[in-house]
Amino acid sequence: MTPLTRRETACTLLDGQRIAAEIRAEVATEVAQLVGQGGRRPGLAVLIVGADPASRVYVGAKTRACDKAGMIGRTIELEATVSEAELEAQIDRFNDDDTVDGILIQLPLPAGLGNRRLLERIDPAKDVDGFHPYNIGQLWLGEPGFEPATPSGVIELLRRYDIALAGKHAVIVGRSAIVGKPMAGLLLRHHCTVSICHSRTRDLAEICRQADILVAAVGRTAFLGPDHVKPGAVVIDVGMNRITDPAEVERLYPGDRKRRATLARRGEVLVGDIDFTRVSAIASAITPVPRGVGPLTVAMLLVNTLRASRLRQGLK
Ligand code: GUN
């Protein structure tokens with residue numbers, strides 16, 4: 001048996017792509033039932049500002065997924081030079097439009113536009129990203145509201161792989177409003193003991209090594225390696241970094257012909273915040289990049305949009 005085979009049998013690959021497809025199929029079935037019972041088709045409106053190529057790819061994936069699930073996905077693209085007043089007016093139009101159940105402003109916004117003020121303008125009942133202060137408050141109070149898609153996707157992935165959470169020590173590396181902080185709130189709700197680490201954390205490796213569940217969301221290529229991982233830990237990689245240097249690809253994925261081919265074809269390879277090759281040798285379960293957490297973000301956005309629509313249509 002080669003070392004690679006031994007690693008594969010020891011460590012469960014948490015297949016986000018497969019779980020996301022399951023969730024999307026479930027949403028599609030529920031949308032068909034809703035429409036079959038005379039309900040209105042759920043609608044998601046996405047606002048994208050500027051021409052950031054990565055954001056365009058993500059937004060395209062979100063609206064396509066909506067259409068596939070039988071929902072109505074609509075995108076409004078505005079120039080990076082748009083004024084905040086124009087953006088506010090667009091949000092107001094979405095708020096007032098009864099066919100729009102979910103509103104999403106793709107982040108990051110170009111510098112100079114006030115994220116917070118714009119996010120606060122979204123009707124909390126249509127805030128399918130869960131970024132409005134009302135929904136953030138509900139999350140921390142343990143009350144119903146919309147929860148951000150990426151961390152709720154992580155919870156759903158763990159649930160569908162029967163990974164128990166109660167009493168476990170979860171360590172999150174990264175304190176962003178989109179992932180790190182809501183991830184902490186959700187893990188706490190599932191009875192984990194939660195630590196949040198960040199760029200000023202002292203003895204990072206020592207704290208990470210205490211984790212039964214380690215969540216990496218820092219946006220730095222292969223930032224956490226085997227020194228940060230307790231043998232048998234469950235490792236969740238939320239990072240999505242792009243590398244272009246063949247030597248770096250070879251260092252991170254020695255002898256990996258598929259990734260070398262991806263680099264030749266696309267000029268870049270997607271890499272997480274975890275050193276996957278070395279960490280998967282000691283973890284009990286790990287999400288890959290790509291096809292790990294990423295697809296779950298889109299799937300959970302659909303779940304939130306369907307829920308918003310049902311609530312707005314007076315259904316539970
Ligand atoms: N940018 C990166 N992740 C997200 C997300 O989950 N929602 C929005 N709106 N923008 C993002």
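In each ligand, atom 1 is the first atom listed, and ligand 1 is the first ligand listed. Values below: every heavy atom of this structure, side chains too, minus hydrogens, waters and symmetry copies.
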Does some non-hydrogen atom of F131 fall short of 4.0 Å from ligand 1?
yes
Which atom of S284 lies closest to which atom of V234, heavy atoms considered
OG-CG2, 3.7 Å
For atom 9 (N) of ligand 1, what is the closest protein heavy atom, and at what distance to 0.1 Å?
D129 OD2, 2.5 Å
Which heavy atom of the protein is the closest neighbour of atom 10 (N) of ligand 1, given with residue, atom name and distance?
L107 N, 3.0 Å
Report yes or no: does E250 contribute a side-chain atom to a donor-acceptor pair with the main-chain N or O of G255 at less than 3.5 Å?
yes
Please determine, by modelled atom types, if S309 and Q313 share a side-chain donor-acceptor pair under 3.5 angstrom.
yes
Nearest non-hydrogen protein atom, atom 3 (N) of ligand 1:
I178 CG2, 4.2 Å
Under 4.0 Å from one or more heavy atoms of L104, ligand 1 contributes atoms 9 (N)
Where ligand 1 meets I105 - atom numbers and elements under 4.0 angstrom, heavy-atom basis:
8 (C), 9 (N)
Heavy-atom donor-acceptor pair, D237 side chain to I274 backbone, under 3.5 Å
yes
When you compare the side chain of I76 with that of V46, does any pair of heavy atoms fall below 4.5 Å?
no
